[in-house]
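All values reported here derive from a predicted model rather than from experimental measurement. The chains referred to below are lettered A, B, ... by the order of the sequence lines, with proteins before strands, and numbering in each begins at 1.
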Amino acid sequence: MARFFLTTAIDYANGDPHLGHALEKIGADAIARYRRLAGDDVHFLMGMDEHGQKVKQAADEEGVSPQAFVDRVAATFEDAWQHLDISNDQFIRTTDPAHKRGVKALIERIHEKNPDDFYEKTYEGWYCVGCELFKRENEIVDGRCVLHPTRELQWTEERNWFFRLTRYQSFLERLFDERPEFLRPETRRNEILALLAQGLEDISITRSRLSWAIPFPLRSSNGEEQGTWVWFDALPNYLTATGFPDKSYRELWPAQLHIIGKDITRLHCVVWPAMLQAAEIALPQQVWAHGFMTFGGERFSKSAGVAFSLQEAIDRHGADALRYFLLREIPFDGDGDFSWERFDERYNAELANAWGNLASRAIAMVEKYRDGVVPSGERTPLDQADLAELVEYHAALDGSRGYFLQEGIKRALASVGRGNEYVQSSQPWALAKDESKRAQLDDVLSAVIRALARQCVLLHPFVPAKTEELWRQLGAPGRVSDQRFDGLAGLDAAGWKVRKGASLFPRTPNER
RNA sequence: GGCAGGGUAGCUCAGGUGGUUAGAGCACGGCACUCAUAAUGCCGGGGUCGUGGGUUCGAGUCCCACCCCUGCUACCA
C-alpha cells in the first residue's frame, strides 16, 4: 500500500475561518479521500500558524494572552473543519511544544551541517509602511514604492540573522529543471522560474522586536535574543508533524503533496526546499498551488468575509452541497467567483434535479416494480460508458497532470446525465405493464442502480456524507469509504434491498 | 515600469499542428413523457470569436499594432 502524506497550508490565527480558507481544505480533503479510494495509506495534515506580530496585536486588543487568543481561534477553525466533514488525520499548531522543539532542532541541524548558512548582518534599506516591507531597487520608482506611490519610504536599520538563500540558487534551478512536476500548475512554475532567472537574495530570518515567536536558537553577537521569522517557523510544520527530530519521522517524511494558495508559492518552492536541503533532509514530492475565490468579483478577504459567515454558507444547502459547489464552480488551478445565485442554480440543477432525482426515481421503481429488491441484469451501454469515462476521471484527479477537481466532478456528473437519458429512453414504466418484457425491465433497473452506486464512489471525495446516505438507500453493503476504484468494473447490485429515504437534496425555491 | 496569461452565445467556459453550416453546460422558448424532488428527455432561438491591419485559396486558430482584464514583480500568514 502506497503512503500518501498530504498537507494544507496552516492558517494564520488572526481571524475567523472564511470561505477562502474552506476552499483549500475542501479541495485537499477531496484529494485525500480520492487517494483512500485508490487504496493509498493516507496521512492528511492541517493546522494553524500561531506566532507573529499580528497575533500579538489581536490578542492585545482583546486584552488576553496570545496563547489564550490562539487557543480560541484554533478551536474555531477545528470546529469549522468538522462541520465541513474534513477528514484530516492530524491538526498541528505552531505553538505545540513538539513543533517548537522541532523548529529549534531543524535550525540547529542546518547550523551543524552548513554552519555558513546563517550569518548576522545589519539590514538597512528603504522600508515601505504600506507594504510593511523592505523594498528593493527595482521596486522603487522616483523614490517611491511602485505599489504605494503616495507613501514616503523610510530608511530603516535592523540587525538580524540571515539565511544564505543565494547558496541554493543552482540547487533550485536544477530542482525545477529535473523535476518539472515539483510545482504545479504550470503558470506558478513559470513564475518561480522567472524569479530564479532574476537571481535570489539572502533573507533575514529573525526579527528583533518580535516577542510572540519561537526564540531563534543561535546566540547573537550582542547577546540579544531574537524571534524566529514566522515563515521559518511555519514552513517546518510539515516536518515537525512527523515527529522530527525523532528518527521515526522518516516513516512519514517526505510528504507526497503540499497544497497551498498561489500567494505563498515562493515560500514553499524556494525557501522551503532550500531549508530542507541546508538541513540535508529530503524534499517533498510535489507542491500544488490553487487559486482564489472572489465574492462578487472582489478578492475574498477578511472584509468580504464579513458579508456572510462560513456557517451561513453551510446552512444554505448543507455542508456537502457547499463542498460540491466550491469544487465544481471554482477551478482548483485558478480563480473563480462565489455567488449565492450560482450556488442555488447548481444545487437545484445538478444535485437536486439531476442526481437526487435520478436516485429518487430509480429507487422508487425498484420498490414499485420489484418489491425493493434489485434484480440481476445484463451489462448495458450505460455500464460501458461509465467505465470508459473512468480514464478521464482519474486523469483529472490522480495528480499525474495536477489536481483538476472540477474536471473530476464533471466526469462523474456525466454519468448522472447518462442515467437520466437512459431511464427516459428505455421507459421502464411501459416495460412494467408488459409481463413479457420482464427481463428487459430487470436490465434497466439493475443498470441504473449500478450507475448510482458507481456515482456514490466517484463523488464520495466531494460529497462524503450524502454518498454514504445514498449508498444506504441503495441497500449496498458496507460503506462507500471502504470501496476501491478497481472494484467498480465488477460492481453488481443484484439482490440489494433498496430503501427509499428522504430526498437526498431537497429542491429549494429560489430566494434572494 | 518589467514578465506571464487571457479577452469566443445572457452567464461559466471548450475549441492539438489554420479548412465543411464555431461547440458544451446553465438560463430562455416549444414539444414529449409520467417512474421521480412540477423532476426527466427531445427540439429550438441566440455569437461582427476585444479592435485595426497583414500572411494565405482559406484564420477564432499564424504575424504586427493597439485597447481592456488578471496574475507575478522574494523576507505581507
Quick one: [X] [atom1] to [N] [atom2], roughly how many Å, whole number?
X	N	atom1	atom2	value
A/L351	B/C26	CG	P	13 Å
A/R188	B/G5	CZ	C1'	9 Å
A/D335	B/G5	CG	P	17 Å
A/L193	B/A74	CG	C1'	15 Å
A/F292	B/U70	CZ	C1'	13 Å
A/Y168	B/A74	OH	P	23 Å
A/E191	B/G5	CD	P	11 Å
A/N420	B/U37	CG	C1'	12 Å

Nucleotide opposite B/C26 in a Watson-Crick or G-U pair, distances under 3.5 Å: B/G10
Would you say a side-chain N or O of [X] is under 4.0 Å from OP1 or OP2 of [N]?
X	N	result
A/R207	B/C76	yes
A/R266	B/U73	yes
A/R346	B/C26	no

For the side chain of [X], starting at C-beta, report the closest nucleotide among [options].
X	options	answer
A/K368	B/A74, B/A39, B/C35	B/C35
A/N357	B/U37, B/A36, B/C42	B/A36
A/L195	B/A39, B/C75, B/A74	B/A74
A/R342	B/C11, B/C75, B/A36	B/C11
A/R361	B/G71, B/A36, B/C33	B/A36
A/K54	B/U37, B/C75, B/C76	B/C76

Polar side-chain contact A/N353-B/A39 base: donor and acceptor under 3.5 Å: no
Pair A/L6-A/W288, side chain to side chain contact (heavy atoms under 4.5 Å, CB included): steps then yes or no: CA-CA 10 Å; A/L6 77 162; A/W288 174 260; over 6 Å; no
Sugar-phosphate, base or nothing in reach of A/G356, heavy atoms under 4.0 Å: base
Touch class at under 4.0 angstrom, heavy-atom based, for A/Y369 against every strand present: sugar-phosphate
Inter-nucleotide C1' distance (B/A24, B/C57), Å rounded: 32 Å
Span that lies between the C1' atom of B/G30 and that of B/G60, in whole angstrom: 32 Å
Row check, A/F505 ring normal vs A/K466 NZ/CZ: under 6.0 Å, within 45°: yes
Basic-acidic side-chain contact under 4.0 Å: A/D60, A/K56: yes
